Amino acid sequence: MNRRPEPATRRSSDVPTTPDLWHHYGRARAGRDPAVPRAFRWDWAQAGGPGAEVLGDFGGRVVGELGAGAGRHAAHLVAYHAPAEVAAVDASPAQHALALGLYGHLAPRLRCVHAGAVEHLRVRAGAYDVLYSVFGAVDFTEPRTLLPAACAALRPGGRLVFSTLAHHVGGARARPEVTATEIPARTPDGAAMSMPRWVLTASVWANALERAGFADVRTDVLPAAGDREHAAGTLLVTAFRPAA
């Protein structure tokens with residue numbers, strides 16, 4: 001995923017309209033495994049590491065997932081824990097439709113929201129107790145735009161938790177500054193394109209969070225599981241909006 005696209009690959013900015021580059025993601029799994037997951041996983045392989053306890057005590061509280069995809073993690077929280085509400089936010093029409101089809105029956109405690117993360121957060125100041133992202137919108141949205149919006153959308157004392165790549169898939173090091181890597185993507189009709197992904201070092205993420213207004217930033221690396229070609233380590237980050 002860290003390789004530069006071939007010269008013939010189109011960038012999303014090269015075309016007049018933006019196609020849904022997440023159209024194909026997760027469709028095969030949705031067909032063969034539609035059940036609510038019994039476990040909540042942060043790591044890249046979805047195979048181990050800590051679970052929902054990283055989110056703290058969110059019983060009776062309002063939780064938001066940024067870049068929820070098909071809504072599996074959000075559905076787990078609703079089915080196996082006791083939040084007041086989980087908003088599964090995703091900008092992709094295809095992913096939003098998948099989430100509704102798979103887990104719409106969990107409404108109203110699960111609310112599937114079709115919106116970009118920044119767009120959603122900017123009109124919900126102080127609305128959330130907890131925000132999280134599992135290789136979701138935090139990976140694919142300019143941090144200098146997303147992180148301040150996330151901080152403002154949290155209530156004082158609220159927390160943001162996200163898992164992201166500790167390094168590029170394939171082993172290349174994370175970026176030492178807030179710059180994106182172009183990764184391959186496909187349009188709904190299968191045409192090759194690219195989109196940005198922010199794969200940053202732990203210190204760069206911590207600095208970006210602090211500049212956005214967060215405090216008490218904590219980072220942990222979850223090692224890659226197995227020796228597969230596309231295995232990758234996971235950076236798990238927790239930060240808090242100051243209570244006062």
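Throughout, residue positions are numbered sequentially from 1 according to the sequence presented. Here the structure is a predicted model, which means the values were calculated and not measured.
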Between [X] and [Y], is there a donor-acceptor pair closer than 3.5 Å when you use the side chain of the first and the backbone of the second?
| X | Y | result |
| --- | --- | --- |
| Glu142 | Arg144 | yes |
| Asp90 | His96 | no |
| His24 | Pro188 | yes |
| Glu65 | Ser133 | no |
| Asp129 | Val62 | yes |
| Arg155 | Gly126 | yes |
| Arg186 | Ala191 | no |
| Asn207 | Ser203 | yes |

Are [X] and [Y] linked, directly or through other ILVMFWY residues, by side chains that come within less than 4.5 angstrom of each other?
| X | Y | answer |
| --- | --- | --- |
| Leu200 | Phe162 | yes |
| Leu209 | Val54 | no |
| Val113 | Leu131 | no |
| Val134 | Val130 | yes |
| Val221 | Leu165 | no |

Report yes if the distance between the aromatic ring centroids of Phe58 and Tyr132 is under 6.0 Å, otherwise no.
->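 When the ring centroids of Phe58 and Tyr132 are compared, they turn out to be at least 6.0 Å apart.
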
Taking the six-membered ring for Trp and the full ring for Phe, Tyr or His, determine whether the centres of Phe135 and Trp44 are under 6.0 Å apart.
->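 Yes: the rings meet the under 6.0 Å criterion.
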
Kindly compute the distance separating [atom1] ([X]) from [atom2] ([Y]), expressed to the nearest 0.5 Å.
| X | Y | atom1 | atom2 | answer |
| --- | --- | --- | --- | --- |
| Arg197 | Phe140 | CZ | CZ | 3.5 Å |
| Leu222 | Arg41 | CG | CZ | 11.0 Å |
| Arg124 | Leu154 | CZ | CG | 13.5 Å |
| Leu21 | Ser194 | CG | OG | 8.5 Å |
| Glu119 | His114 | CD | NE2 | 8.5 Å |
| Thr201 | Arg173 | OG1 | CZ | 11.0 Å |

Test item: side-chain donor near acceptor, [X] and [Y], under 3.5 Å:
| X | Y | value |
| --- | --- | --- |
| Tyr80 | Arg38 | yes |
| His23 | Ser92 | no |
| His81 | Glu53 | no |
| Thr238 | Arg159 | no |

Is there a side-chain contact between [X] and [Y] in this structure, where contact means two heavy atoms from C-beta onward sitting under 4.5 Å apart?
| X | Y | value |
| --- | --- | --- |
| Pro37 | Arg72 | yes |
| Asp216 | Arg218 | yes |
| Trp42 | Val161 | yes |
| Trp205 | Leu235 | yes |
| Thr141 | Val118 | yes |
| Val204 | Val178 | yes |
| Thr181 | Trp198 | no |
| Pro108 | Glu85 | no |

Pair Leu146-Val138, side-chain contact (heavy atoms from CB on, under 4.5 Å): steps then yes or no | CA-CA 7 Å; Leu146 176 65; Val138 173; 3.8 Å; yes

Please step through side-chain contact (heavy atoms from CB on, under 4.5 Å) for the pair Gln46 and His73, ending with a clear verdict.
-> CA-CA 11 Å; Gln46 294 290 282; His73 288 86; 3.2 Å; yes

Nearest atoms (heavy-atom pairs only) where [X] meets [Y]:
| X | Y | value |
| --- | --- | --- |
| Val36 | Ala79 | CG1-CB, 3.8 Å |
| Pro242 | Ala215 | CG-CB, 4.1 Å |
| Pro19 | Met193 | CG-SD, 3.6 Å |
| Leu147 | Phe214 | O-CE1, 3.4 Å |
| Ala88 | Ala74 | CB-CB, 4.0 Å |
| Ala166 | Ala174 | O-CB, 3.6 Å |

Hey, can you tell me if Tyr128 and His120 have their rings parallel, tilted or perpendicular (30° and 60° cut-offs)?
-> tilted

Give me the ring orientation class for Tyr25 and Trp22: parallel if the planes are under 30° apart, tilted from 30 to 60°, perpendicular past 60°.
->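 Tyr25 and Trp22: perpendicular rings.
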
Can Val217 and Glu210 be said to form a side-chain contact (heavy atoms from CB on, under 4.5 Å), step by step?
-> CA-CA 8 Å; Val217 179; Glu210 289 167 358; 4.1 Å; yes

Above 12 or not: heavy atoms from other molecules or residues under 6.0 Å from CZ of Arg27?
-> yes

side-chain contact (heavy atoms from CB on, under 4.5 Å) assessment of Val199 paired with Thr164 = CA-CA 7 Å; Val199 182; Thr164 184; 5.9 Å; no

